[in-house]
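Working notes for the structure below.
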Amino acid sequence: MKVKVNQEACIGCGACQAIAPSVFEFNDEGFAETKEENNVVDTMDEELKEDVMDALEGCPTGAIVEVEEEAAA
């Protein structure tokens, strides 16, 4: 499982990046996005998983969602 930031819902408040900076960053437009290399929830240590879930639950616009990993083609 991964998390994804819905760019249309993100307001760039920075809460997710403050909670889990190793997973979330800002793009050039000032909105949050995930760092793909660090965004596989199943491989995270428990503390980081908790931080990512806190960011997901604490997002004021609900822009962070869980998604299944895409199968390699």
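Note that the coordinates shown come from a computational prediction; the quantities given were computed from them, not determined experimentally. Quick note: numbers below take in every heavy atom, side chains included, and nothing from hydrogens, waters or symmetry partners.
- Checking L48, V52, D51, N39 one by one against S22, the side chain to side chain contact (heavy atoms under 4.5 Å, CB included) holds for a single residue, L48.
- I64 and F31 sit in two unconnected hydrophobic clusters of ILVMFWY residues. Membership requires side-chain heavy atoms under 4.5 Å apart, directly or through other members.
- Across I11 and P60, no two heavy atoms sit closer than the pair CD1-CG, 4.3 Å.
- A donor-acceptor contact shorter than 3.5 Å is absent between the side chain of N38 and the backbone of V23.
- No more than 12 heavy-atom neighbours from other residues, nucleotides or ligands sit within 6.0 angstrom of CD on E47.
- Note that the CG atom of L56 and the SG atom of C16 stand 10.0 Å from one another [nearest 0.5 Å].
- Two residues are said to be in side-chain contact when any heavy atoms from C-beta on lie closer than 4.5 Å; V40 and K2 meet this criterion.
- From E36, atom CD reaches atom NZ of K4 across 9.5 Å, with rounding to the nearest 0.5 Å.
- Atom CE of M44 sits about 8.0 Å away from atom CE of M1, to the nearest 0.5 Å.
- Residues I19 and F24 fail the side-chain proximity criterion, which asks for heavy atoms closer than 4.5 Å.
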Using the rule given for side chain to side chain contact (heavy atoms under 4.5 Å, CB included), can you reason through T34 versus V3, listing the C-alpha separation, both sets of side-chain angles and the distance that settles it, and then say yes or no?
CA-CA 7 Å; T34 56; V3 289; 4.0 Å; yes
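- Distance check, rounded to the nearest 0.5 Å: CD of E33 to CD of E25 gives 5.0 Å.
- Atom OG1 of T43 sits about 8.0 Å away from atom NZ of K49, to the nearest 0.5 Å.
- A donor-acceptor pair under 3.5 Å links the side-chain atoms of K35 to the main chain of P21, judged by distance alone.
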